[in-house]
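Note that the structure is predicted; figures quoted are calculated from it, not measured. Convention: sequence-line order gives letters A, B, ...; per-chain numbering from 1.
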Protein chains: 2
Amino acid sequence: MRNKYVMIYQEMVQKIEKETFKANEFLPSENELAEQYQTSRETIRKALNLLAQNGYIQKIRGKGSTVIERNKFDFPVSGLVSFKELADKMGERPITTVHQCAKISANDFIQHQLKLKNNQEVWEIIRTRSFSEQRVILDKDYLIANTVQHISRDIAETSIYDYLENQLGLIISFAKKEIIVEEPTEEDRALLDLEGFYNVVVIKNYVYLDDATLFQYTESRHRPDKFRFVDFARREH
Amino acid sequence: MRNKYVMIYQEMVQKIEKETFKANEFLPSENELAEQYQTSRETIRKALNLLAQNGYIQKIRGKGSTVIERNKFDFPVSGLVSFKELADKMGERPITTVHQCAKISANDFIQHQLKLKNNQEVWEIIRTRSFSEQRVILDKDYLIANTVQHISRDIAETSIYDYLENQLGLIISFAKKEIIVEEPTEEDRALLDLEGFYNVVVIKNYVYLDDATLFQYTESRHRPDKFRFVDFARREH
DNA sequence: GAGTGGTCTAGACCACTTG
DNA sequence: AAGTGGTCTAGACCACTCG
């Protein structure tokens with residue numbers, strides 16, 4: 001409802017998903033779109049750039065913008081998408097079990113990850129996710145207690161992000177992720193169903209707010225058969 | 001030498017890396033930069049948007065743009081970066097061994113991956129990468145022969161991408177990646193040093209040209225201890 | 001109220017593709 | 001030559017932060 005170019009972007013996403021604009025066809029030209037939407041060409045171009053960034057269209061100089069064929073299920077949209085997010089989109093909701101949800105004094109490891117001074121407090125939340133009765137993902141979250149005053153078990157069971165963004169009004173701006181493979185720890189063995197598996201895939205996630213402060217460190221530890229990431233990336237030139 | 005905003009972007013990247021602009025400090029305002037570079041504010045904004053997208057700066061409304069602290073070694077720059085790319089940046093160049101480099105008729109699997117008709121030809125290139133005398137990465141590349149007429153063993157040994165972009169003038173535009181963990185195949189066991197390992201990490205990569213045509217499918221198969229991906233991602237709002 | 005980044009405009013010139 | 005997307009401009013108004 002706010003920005004014109006975001007609204008145009010969203011409207012065009014709809015048209016692509018509803019196949020008003022079909023894959024491999026050309027969109028109307030920028031001048032035509034500017035006319036249709038009663039706006040300037042630069043505003044249309046902002047909308048088209050969003051579409052291109054998110055893998056909906058490919059712009060071709062001198063010709064026009066074509067709709068990229070996308071496999072709805074394999075490549076849901078833009079950017080890095082984890083197994084849990086993919087499962088959510090498919091309607092397979094995991095069962096979440098909260099093992100720990102408490103304010104603690106950060107240990108050395110967490111101090112280092114979150115660049116904290118001595119004895120700062122953090123919320124530690126440890127959860128497992130089960131699909132078809134198998135505990136396959138272990139999520140360990142650490143949030144700086146100065147920024148997040150309180151988290152209840154209920155919130156941990158539903159959605160922390162929803163709480164942070166919609167209740168507390170925090171704005172998450174960017175994240176740095178690292179993906180590696182490790183041997184399971186004793187904790188992994190205890191909390192996940194790892195019989196017959198020799199590795200876990202670990203996604204380390206450093207989350208920043210809109211003032212560029214680091215406020216959360218997360219480790220998401222996956223059983224390897226339930227790990228899958230997809231990514232759409234434009235090449236830099 | 002080309003676009004003003006790209007030149008400004010590159011110049012500012014230099015200044016950030018040389019710490020003329022230091023982490024957590026504010027850049028000059030957009031108006032000041034427009035003045036300095038003798039250009040319009042919109043052009044400056046294009047440069048700043050590139051910096052923001054690539055994780056160099058964070059823009060804060062009403063305040064200014066601050067330089068994001070980046071761990072040079074852990075998070076080299078923007079987007080998804082693989083183990084091999086990370087190693088390259090560290091100056092640890094792997095030794096490449098070419099096992100196969102031939103034009104073949106696509107089998108069912110490759111036909112499906114590259115969405116080919118019957119009996120189309122592809123270049124099949126199979127290579128291993130060794131670090132410290134250990135063969136840890138197996139790269140299997142398939143390129144549509146209509147687009148790429150010829151590839152020599154020499155090219156496969158050095159850089160295919162350099163050849164495609166600089167010699168053939170192909171423009172690679174975007175890619176879809178999928179990362180999963182599998183049990184090693186017999187081929188993996190034969191070509192990699194996998195003693196004591198039970199998994200390989202597989203990165204499937206679908207590469208598209210600037211006219212949005214799919215022209216390459218790659219599988220990069222990593223020994224799990226030599227797999228590492230890092231990613232910088234902005235959150236969509 | 002002064003300064004910041006965010007959006008939007010109307011117009012210009014360019015490089016590229018196609019008939 | 002006409003149409004396309006790519007760049008650039010100079011100016012406008014807005015929402016936000018901070019003293």
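- Between His150(A) and Trp123(A), the ring-plane angle classifies as perpendicular under the 30° and 60° cut-offs.
- Atom CG of Leu51(B) is separated from atom C1' of dG5(C) by 15 Å (rounded to the nearest Å).
- Between dG6(D) and Lys46(B), no contact under 4.0 Å exists linking OP1 or OP2 to a side-chain N or O.
- Ranked by how close their nearest DNA chain C nucleotide is to the 5' end, Glu42(A) and Pro28(B) are led by Pro28(B).
- With sequence neighbours left out, the side chain to side chain donor-acceptor pair (under 3.5 Å) criterion links Glu11(A) to Tyr37(A).
- When the C1' atom of dC16(C) is taken as reference, atom CD of Glu30(A) falls 13 Å away, rounded to whole Å.
- Checked against side chain to side chain donor-acceptor pair (under 3.5 Å), Thr213(A) has the following partners two or more places apart in sequence or in another chain: Asp211(A).
- At a threshold of 4.0 Å, the pair Arg61(B)-Asp210(A) does not count as salt-bridged, since none of the basic side-chain nitrogens sits closer than that to a carboxylate oxygen.
- Side-chain N/O atoms of Thr43(B) include one lying less than 4.0 angstrom from OP1 or OP2 on dT9(D).
- Phosphate proximity of dC8(C) to Tyr5(A): absent, as no side-chain N or O sits under 4.0 Å from OP1 or OP2.
- Using a 30° and 60° split on the angle between ring planes, Tyr208(A) and Phe174(A) fall in the parallel class, below 30°.
- Asn49(B) pairs by the side chain to side chain donor-acceptor pair (under 3.5 Å) definition with Lys59(B), not counting sequence neighbours.
- Nucleotide dT7(C) holds its C1' atom 18 Å from the CD atom of Gln38(A), rounded to whole Å.
- Closest approach to the Lys59(B) side chain among dT7(C), dC8(D), dG5(C) is made by dG5(C) (side chain taken as heavy atoms from C-beta onward).
- As rounded to whole Å, 10 Å separates atom P of dG3(C) from atom CD of Glu32(B).
- Nucleotide dT4(D) holds its C1' atom 16 Å from the CD atom of Glu35(A), rounded to whole Å.
- Rounded to whole Å, atom P of dG5(D) lies 8 Å from atom CG of Leu33(A).
- Legend: residues meeting side chain to side chain donor-acceptor pair (under 3.5 Å) with Lys18(A), ordered by chain and number and at least two apart, are Gln14(A).
- Each end of the helix from dG1(C)-dC18(D) to dT18(C)-dA1(D) gets its own rotation axis from five pairs of C1' atoms, and the angle between them is 0° to the nearest 10 degrees.
- Regarding Tyr37(B), its OH atom lies at a distance of 14 Å from the P atom of dC8(D), rounded to whole Å.
- The side chain of Asn31(A) lies closest to dT4(D) when the candidates are dG5(C), dT4(D), dC8(D).
- Taking for each of Thr39(A) and Ser29(B) the nucleotide of DNA chain C with the nearest heavy atom, the 5'-most of the two is the partner of Ser29(B).
- For Ser65(B), counting side-chain heavy atoms from C-beta on, the closest listed nucleotide (dA10(C), dC8(D), dG5(C)) is dG5(C).
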I'd like a list of close polar pairs between nucleotides 13-19 of chain D and the protein, N/O only, cut-off under 3.5 Å.
{"from": "dC18(D)", "atom 1": "OP1", "to": "Lys63(B)", "atom 2": "NZ", "distance (Å)": "3.0"}

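- For the pair Arg127(A) (side chain) and Ala156(A) (backbone), a donor-acceptor distance under 3.5 Å is present.
- When rounded to the nearest whole Å, the span between CZ of Phe26(A) and C1' of dT17(C) equals 10 Å.
- Between Tyr206(B) and Tyr217(B), the ring planes are tilted. Angles from 30° to 60° get that label.
- In this structure, the side chains of Val207(A) and Leu143(A) stay at 4.5 Å or more apart for every pair of heavy atoms.
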